Undergrad: 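I am attaching a structure below and will ask some questions about it afterwards.
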Amino acid sequence: MIQVFSNSLGKDELAALAPVFESKWIGLGKASKLFEEELGKKLGSKRVLLTDSCTSALFLAVRILGIGPGDEVIIPSVNFIGTANAVISSGAKPVFVDVDTRYFNILPEEIERARTKKTKAVLLLHYGGHPCDMEKIYTAAKGLYIIEDNANSPFSKYKEKSCGTLGNVGCFSFDAMKILCTGNGGALCLGSDELYDKAVGLRYFGLKKKKQSGIDSFKENQKRWWEIELDSASGRFVTCDIISAIGRIQLKKVDEFIKRRKEIWNIYQKELNGLPWLITPPEPLANTESSYYFYWLKVPGGKRDAFARYLVENGVYCTFRYFPLHLIRYYGSKETLKNSELINEEAIDIPLHQNLTGRDVEIIISAVKKFI
Ligand SMILES: Cc1ncc(COP(=O)(O)O)c(C=O)c1O
């Protein structure tokens, strides 16, 4: 079976673990500090904080921004469950809105339609790595916080600025299915020093910034360095040096991964464009760069499910990201969001990753073409 997702972990990553093991400190330490700095440099931000996952980053994002009971957060419906769960866990209400039928990104006019006096933020996704039309979003979301779920678009760019740095808080994922992969892991990118300071505390129990370990307190000349003070009651969302050592190696290779993904994207576009029963995805907007995380097809006319089953039966795994959140009963949404519902009937994501060989790509294209 050719998989939809893959990762490229090997000897280099294994070798990077040895010094961490030998140091006898595998927690949040030197490797994590360096990974944070190197990631920040690549993103053009001095305010990057590693977390144990993107889901944690999303849960932290709403808390850092002070979102809570009585507040509303606008979320595009074609999105990951962790976004809505983060909002609900804060006591606020997620308000699901529609996306456009080509990019599957939030429609700026939907922000205007859905915003009320209670709206505090828009939590957006750059679907499949293609950046949203941010100018229109900035206008529609004026006065609101912007949280970017950047799990699909870790190194995408909008007008030369990195996605994840375009709003107030950006949330990154390095989980087993992501482009830069460390098994588990994530990051926050903060839009101001104030938010950064809050994030440092909330990421680690709510402990005060410069007093998060006995060594910190000792260095600050605290007489009894084991005594602690809290700013808030939070959980533990830090990463560790094992993960960070892997991340530092992956970071050096990630441009090559994205280059290969783009090559495959271009082959798909060339080979699959023009089939009368199939709709191929659009190219990234002008002035943007994509991370090419998903390659999505649309099969209208009620044939998508048969197409998906046929592909899997012929050795090409495929899936649909993301089942619209407003259709998940638990969230209790009463919205009808036509585009999201249409996408949910027509779209499918086929394999796109750096480990696909030329032969794999041929097999996938040939399987797709033979469906009808
Ligand atoms: C869009 C999106 N956001 C967030 C996440 C959560 O990432 P993590 O697994 O690092 O918690 C995922 C995971 O699949 C995702 O697809």
Side-chain angles (χ1 to χ4, degrees), residues 3-7 9 32 35 39 48-63 73-89 94 96 99 103-106 121-132 146-156 163-164 166-167 169-189 203 235-240 242-244 246-247 250-251 254 261 290-296 317-325 328 331 340 343-344 347-349 351-353:
Q3 294 299 331
V4 171
F5 302 111
S6 186
N7 64 71
L9 295 171
S32 301
F35 184 30
L39 182 61
V48 171
L49 277 179
L50 298 173
T51 57
D52 55 346
S53 72
C54 183
T55 304
S56 295
L58 289 163
F59 274 62
L60 285 169
V62 278
R63 270 195 88 178
V73 177
I74 294 174
I75 302 180
S77 185
V78 177
N79 205 346
F80 179 66
I81 43 175
T83 56
N85 291 358
V87 171
I88 291 169
S89 83
F96 303 119
V99 299
Y103 289 91
F104 306 178
N105 278 338
I106 192 166
V122 177
L123 199 173
L124 55 83
L125 171 74
H126 304 288
Y127 183 88
H130 281 22
C132 294
I146 293 178
I147 304 170
E148 291 173 273
D149 179 325
N150 209 37
N152 287 189
S153 45
F155 302 100
S156 299
C163 288
L166 304 173
V169 186
C171 303
F172 292 70
S173 174
F174 311 130
D175 79 19
M177 291 180 280
K178 295 304 182 300
I179 302 176
L180 190 159
C181 172
T182 58
N184 258 330
L188 280 165
C189 190
R203 184 179 68 154
R236 183 179 180 282
F237 306 108
V238 285
T239 191
C240 75
I242 295 177
I243 280 176
S244 298
I246 298 173
Q250 287 273 293
L251 191 62
V254 77
R261 297 173 92 102
S290 178
S291 303
Y292 299 98
Y293 183 55
F294 294 141
Y295 185 84
W296 60 102
Y317 194 66
C318 57
T319 187
F320 171 59
R321 292 285 194 279
Y322 296 88
F323 181 61
L325 300 176
I328 296 178
Y331 295 138
S340 302
I343 289 164
N344 186 45
I348 194 81
D349 300 302
L352 178 63
H353 56 78

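Just so you know, ligand 1 is whichever comes first in the structure, and atom 1 is the first atom listed for that ligand. Only a predicted model underlies this, so the values are computations on that prediction, with no experimental measurement involved.
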Undergrad: Quick one: nearest non-hydrogen protein atom to atom 9 (O) of ligand 1, plus distance?
TA: D175 OD2, 2.6 Å
Undergrad: T51 vs F174, test: side-chain contact (heavy atoms from CB on, under 4.5 Å). Steps then yes/no.
TA: CA-CA 10 Å; T51 57; F174 311 130; over 6 Å; no
Undergrad: Just do the side-chain contact (heavy atoms from CB on, under 4.5 Å) check on Y317 and F5 with the steps written out, would you?
TA: CA-CA 9 Å; Y317 194 66; F5 302 111; over 6 Å; no
Undergrad: Report yes or no: does a heavy atom of M177 sit under 4.0 Å from some atom of ligand 1?
TA: no
Undergrad: Any sub-3.5 Å donor-acceptor pair from D149's side-chain atoms to L125's backbone N or O?
TA: no
Undergrad: Keeping S291 on the side-chain end and G129 on the backbone end, is there a donor-acceptor pair under 3.5 Å?
TA: no
Undergrad: Would you check the N or O atoms of L125, main chain and side chain alike, for any that come under 3.5 Å of an N or O of ligand 1?
TA: no
Undergrad: Checking contacts here: is it the side chain or the backbone of T83 that comes within 4.0 Å of ligand 1, counting heavy atoms only? Could be both or neither.
TA: neither
Undergrad: How does T55 reach ligand 1, if at all, at less than 4.0 Å between non-hydrogen atoms: by side chain, backbone, both, or neither?
TA: both
Undergrad: What is the nearest protein non-hydrogen atom to atom 3 (N) of ligand 1, stated with its residue, atom name and distance?
TA: D149 OD2, 2.6 Å
Undergrad: T182 and T239: side-chain contact (heavy atoms from CB on, under 4.5 Å), yes or no, with the steps?
TA: CA-CA 11 Å; T182 58; T239 191; over 6 Å; no
Undergrad: Under 3.5 Å, is there a donor-acceptor pair between the side chain of E148 and the main chain of G167?
TA: yes
Undergrad: Any side-chain heavy atom of C181 within less than 4.5 Å of one from Q250?
TA: yes
Undergrad: To the nearest 0.1 Å, how far is atom 1 (C) of ligand 1 from its closest protein heavy atom, and which atom is that?
TA: Y322 OH, 3.2 Å
Undergrad: For A151, take its heavy atoms, then give the atoms of ligand 1 lying under 4.0 Å from any of them.
TA: 1 (C), 2 (C), 3 (N), 4 (C), 15 (C)
Undergrad: Tell me the protein heavy atom at minimum distance from atom 13 (C) of ligand 1, and give that distance in Å.
TA: K178 NZ, 3.0 Å
Undergrad: Between N79 and ligand 1, does any nitrogen or oxygen pair lie at a separation below 3.5 Å?
TA: no
Undergrad: Please work out which of the three classes, parallel, tilted or perpendicular, describes the rings of Y127 and W296, given edges at 30° and 60°.
TA: perpendicular
Undergrad: Would you indicate which of Y127, F174, F80 comes nearest to atom 6 (C) of ligand 1 when only heavy atoms are counted?
TA: F80
Undergrad: Relative to the heavy atoms of S53, which atoms of ligand 1 are at a distance of less than 4.0 Å?
TA: 10 (O), 11 (O)
Undergrad: Please check whether N152 reaches ligand 1 - meaning an N/O of the residue sits under 3.5 Å from an N/O of the ligand, judged on distance alone.
TA: no
Undergrad: Would you find a donor on one side and an acceptor on the other, under 3.5 Å apart, between the side chain of N105 and the backbone of H130?
TA: yes
